[in-house]
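Only this structure's heavy atoms are used, side chains among them; waters, hydrogens and symmetry mates stay out. Note on naming: letters A, B, ... go to the chains in the order of the sequence lines (proteins, then strands), and numbering restarts at 1 for each one.
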Amino acid sequence: MIQDIALFLQTAIIMGTPLLLATVGEILTEKAGHINLGVEGMMMIGAVTGFLVGFATNDPLLAALAAGMSGFLSSQIFAFLTVSLKANQLVAGFVLTIFLTGLANLIGSNYGNATLSSEFTQKIGAVAVPGLSRIPLIGPALFHQSIIVYLGIFIAVSAWVYLNKTRFGLSLKVVGENPSFADDAGIPVAVYQYVHIGIGGFLSGMAGACLTLVIVPRWQETVTAGMGWIAIALVIFATWNPSRAIFGAYLFGALKGLAFKFQGTSIEIGGASLSLPSQILDLFPYIITIAVLIAITLGKRRENQPPRWLGKAYFREER
Amino acid sequence: MAYIQLRNITKKFGSVYANRRICLDIHKGEIHALLGGNGSGKTTLMNILAGRYKYDEGNILIDGRKAVFHSPGDSVKAGIGMIHQHVDLVDSLSVEENILAGTEKGLFPTRKKARGKIKDLAELYDFHVEPEGKVYQLTIGGKQAVEILKVFYRGASVLILDEPTSVLAPIEARALFVNLGKMKENGCAIVLITHKMQEVFDISDRVTVLRKGEAVYTSLTADTGQSMLTEKMVGHAIEGRTEYRAAPRRDIRPLLAVSDVTVHNRFGSAALSGVSLDIRPGEIHGIAGAAGSGQKELCDVIAGIAAADEGRILYNGKDIAHMPIAGRAAKGVRIGYVPEDRMDTGLVGGMCISDNVMLRRIDREKGLFFNEKKARDLALRIIGKYGVDAVDPAQKLKDLSGGNIQKILLGREIEEAPDLLITAYPVRGLDIGATNYIFGLLRERRDSGMAILFVGEDTDVLLELCDRISTLYRGRLTATLDAAGTTKAELGLFMAGGGTGGTR
């Protein structure tokens with residue numbers, strides 16, 4: 001039993017890692033006042049790019065960077081449309097997801113049966129820390145994981161420090177709250193928006209690669225399975241706080257893990273066999289998100305509110 | 001030579017001239033008042049100097065050298081700081097973060113030195129703000145202080161203030177003027193945008209009048225007079241106001257009795273607490289107070305837009321505190337409302353005049369299809385009766401001037417024949433002609449028996465127009481006074497929360 005739970009926790013954390021990367025990226029994007037609904041698409045393009053580069057080069061670092069770059073470049077399409085051309089952010093992001101999903105499937109169409117070399121999976125697969133990984137219950141979850149798990153935590157904590165302790169973080173928050181104030185203060189509003197939309201894209205791309213290189217690990221047309229949308233919901237769940245996103249991502253990862261585990265199995269209750277469709281577990285993240293959204297809206301804490309300028313374009317000369 | 005010289009500045013929005021070949025000299029150690037009606041181009045001109053707007057023609061010279069601003073940041077670097085009419089800060093951040101944003105160096109800046117500099121500046125101008133407090137906890141006056149600190153922290157030597165007193169209580173406005181005097185002595189150049197004549201004579205050294213985007217008159221303040229400036233602002237001589245005021249009628253039963261009403265804002269603090277007042281037919285009942293003292297909540301709760309958390313509102317003896325706004329007309333409750341933000345709450349800018357005048361009664365119309373002729377007739381009636389400068393009811397509302405928009409809103413509400421008319425800042429931003437017209441209209445309605453609740457900011461206007469005045473301070477009612485026999489100073493004291501309170 002204890003072993004089962006330990007395995008479950010281990011699964012929750014690795015399943016939560018792509019969510020964490022994408023969520024932290026989207027938090028930074030939204031802090032700049034832009035809501036990018038292209039996360040799902042950027043994860044898809046990252047997933048296929050990372051897989052192909054990993055397949056061709058056997059180099060995990062190169063694969064991850066390539067995946068990140070593909071997400072970055074895709075996000076700059078969104079940035080150009082919404083920052084420079086002031087297009088509607090919701091439409092631009094949504095269209096980006098549709099476009100990138102199609103593009104990823106086109107690129108990956110011949111690689112459905114390809115598998116990564118065992119050499120490659122060894123390099124990036126789970127590594128047990130001697131001793132510590134034998135701690136009952138939490139040992140495997142914390143100390144028998146792929147390097148990407150630790151990278152995810154590092155990125156989330158760094159993002160928190162960046163937002164709350166550095167001058168760039170302060171300027172970023174001002175841009176998302178009140179761009180005309182930022183403009184008056186000499187903060188280059190558009191530059192901040194491009195850069196943080198770009199970081200968001202990079203992290204989403206890496207999140208996609210995390211699926212095709214570590215978790216699944218192969219290329220499938222439905223590999224992201226809505227994780228990009230969950231990440232956008234998680235931003236709200238985490239109330240735009242990267243360190244809270246760690247907790248949220250692992251919780252949602254656990255729900256994903258449960259859905260996976262209970263697929264097709266049935267539970268015996270009082271002699272009757274009850275089968276729980278995995279789709280019901282898939283619904284949980286969204287139900288929880290809606291509950292949090294309502295709690296924030298009714299809530300009294302100003303610090304937990306969305307960036308005030310979120311979703312709006314900034315025109316300097318608007319009267 | 002003037003420190004800043006604007007030479008032939010021209011700015012067009014579409015095909016409309018907002019500024020046309022304007023020349024303006026700004027001297028150090030001098031307060032220069034920029035006087036003009038609504039839409040005269042004052043704010044546009046100063047937004048050009050602050051780097052927010054690009055201009056189409058002309059030159060800006062600073063210290064004799066040509067300056068080119070590509071962004072507001074460039075203007076700040078040149079030592080120019082602007083305090084905008086609407087407070088422009090980040091509420092969720094702290095005071096010092098608002099002041100320091102964009103100025104710090106290094107990846108992890110230390111705040112110690114900066115904090116000292118902020119405290120010194122605050123002391124110089126007698127501001128009581130905590131650098132680490134959140135901005136949303138401040139009053140509007142406090143927020144304005146933060147804006148001033150922000151501008152001086154960035155080393156400004158030229159300060160532009162856009163209608164700074166419009167959001168302040170009289171006592172705060174006086175403190176601001178004392179500070180402007182200090183800044184002047186320290187060698188700053190100050191531009192004060194205003195439409196209040198009194199402020200020009202209270203504090204300025206030089207005055208320029210703008211009308212319809214052109215600078216029509218410049219003079220040393222000492223060399224000019226009120227009638228001269230008025231004439232230049234309006235473009236023709238203006239007749240005196242009627243000074244008639246009926247005695248308050250105490251014998252009449254109140255139309256509306258508000259008792260112990262409390263309203264919480266969405267963050268849970270009381271925006272209005274335990275307010276009681278009554279309004280009689282045939283009186284103009286004024287509400288005075290600094291901006292954000294609970295005026296909006298009071299109006300909304302009487303009009304039925306917001307619900308009272310506690311207390312009762314009796315309308316002819318019937319409690320309407322929780323009566324939904326939709327069924328009110330059918331139940332004989334006739335309350336008209338001219339809200340503070342006319343373009344957000346009162347009207348729809350993107351719709352035409354005839355659609356807008358129908359908004360109030362559309363739910364009482366019969367049938368599926370919209371009766372366009374009826375709407376057009378009503379629009380034409382309002383245009384004719386209230387002297388709106390518009391030809392076609394199909395004209396989009398936002399293309400009209402502020403005064404004409406306000407006349408349409410007032411006309412629409414009055415045509416509904418309400419027993420009680422709530423008007424919040426009905427003349428804000430309007431020029432003298434439109435202002436006098438609206439005051440005349442309110443007096444006439446009052447004399448015909450309508451009860452009017454008038455929320456205002458200018459104590460002179462309140463004392464002249466109203467029969468009784470209630471003062472609000474931080475959501476509490478501090479006094480209800482007969483306007484006759486009350487002085488400006490008394491009113492100011494109650495608006496600032498002083499005095500013993502009570503009713504006369």
Side-chain angles (χ1 to χ4, degrees), chain A residues 30-33 83 157-193 195 239-241 294-310 312 314-319, chain B residues 11 13 16 18 39 43-44 47-48 50-55 70-77 80-84 86-94 96-111 114 134-137 147 150-151 153-154 264-269 398:
Chain A
E30 292 194 13
K31 278 288 179 185
V83 179
V157 173
S158 308
W160 185 88
V161 172
Y162 174 76
L163 269 178
N164 293 296
K165 299 289 171 196
T166 71
R167 70 181 167 102
F168 299 111
L170 176 59
S171 296
L172 174 63
K173 285 189 278 190
V174 173
V175 167
E177 290 285 334
N178 190 344
S180 72
F181 174 108
D183 207 359
D184 279 1
I187 297 167
V189 175
V191 173
Y192 269 82
Q193 288 169 338
V195 166
T239 59
W240 293 267
N241 178 337
I294 293 167
I296 294 173
T297 317
L298 299 176
K300 318 272 185 229
R301 284 181 61 81
R302 303 245 184 175
E303 287 79 2
N304 287 347
Q305 302 302 314
R308 217 183 68 197
W309 210 261
L310 186 61
K312 288 187 261 187
Y314 171 56
F315 298 87
R316 184 183 285 164
E317 295 213 4
E318 180 142 295
R319 297 203 300 162
Chain B
K11 167 76 181 171
F13 287 107
V16 181
T43 302
T44 302
N47 269 328
I48 286 171
R52 269 201 186 182
Y53 291 175
K54 290 198 175 74
Y55 45 97
H70 297 290
S71 74
D74 290 347
S75 168
V76 171
K77 275 188 208 126
I80 298 167
M82 181 158 173
I83 311 288
H84 296 278
H86 302 288
V87 179
D88 204 13
L89 295 169
V90 181
D91 269 354
S92 59
L93 295 179
S94 71
E96 63 182 10
E97 284 175 318
N98 271 278
I99 294 171
L100 297 176
T103 65
E104 293 175 306
K105 299 276 177 285
L107 185 58
F108 297 101
T110 52
R111 295 258 163 88
K134 297 277 184 189
V135 166
Y136 65 75
Q137 295 165 330
E147 297 237 38
K150 178 185 135 197
V151 163
Y153 185 87
R154 284 150 210 264
H264 297 285
N265 68 13
R266 64 177 281 241
F267 295 104
S269 47
K398 64 178 176 195

(message) Side chains of A/K173 and B/V90, heavy atoms from C-beta outward: is any pair under 4.5 Å?
(response) no
(request) Look up atom OG in B/S92 and atom CD in A/E177, then write down how far apart they are to the nearest 0.5 Å. (result) 3.5 Å
(request) Measure distances from B/H264 to the heavy atoms of chain A and classify the residue's part below 4.5 Å as side chain, backbone, both or neither. (result) neither
(request) Could you look at B/K11 and say if it's the side chain, the backbone, both or neither that has a heavy atom under 4.5 Å from chain A? (result) side chain
(message) Measuring from atom NE2 of B/H84 to atom CZ of A/F181, what distance do you get when rounded to the nearest 0.5 angstrom?
(response) 10.5 Å
(request) Examine whether an atom of B/K105 lies under 4.5 Å from a heavy atom of chain A, and if so say whether it belongs to the side chain, the backbone or both; otherwise answer neither. (result) backbone
(request) Look at atom NZ of B/K77 and say whether more than 12 heavy atoms of other residues, nucleotides or ligands are closer to it than 6.0 Å. (result) no
(message) Under 4.5 Å from any heavy atom of chain A, what part of B/N98 do you find: side chain, backbone, both or neither?
(response) both
(message) I'd like to know which of B/G73, B/A50, B/G81 tops the heavy-atom pair count under 4.5 Å against chain A.
(response) B/G73
(message) Give me the atom names and distance for the closest heavy-atom approach of B/G106 to A/R167.
(response) O-NE, 2.7 Å
(request) Locate the shortest heavy-atom distance separating A/A185 from B/A101; write the atom from each residue and the value. (result) CB-O, 3.6 Å
(message) Can you list everything that forms a side-chain hydrogen bond (donor to acceptor under 3.5 Å, both in side chains) with A/Y314? Sequence neighbours excluded, please.
(response) A/D183
(request) Could you tell me which portion of B/L107 (side chain, backbone, both or neither) has an atom closer than 4.5 angstrom to a non-hydrogen atom of chain A? (result) both
(request) Check salt bridge (Lys or Arg N to Asp or Glu O under 4.0 Å) between B/R52 and all other residues, then give those that pass, not counting sequence neighbours. (result) A/D184, B/D88
(message) Surrounding NZ of A/K165 (heavy atoms of other residues, nucleotides or ligands, distance under 6.0 Å), is the total greater than 12?
(response) no
(request) Counting only heavy atoms closer than 4.5 Å, note whether A/S171 contacts chain B via side chain, backbone, both or neither. (result) side chain
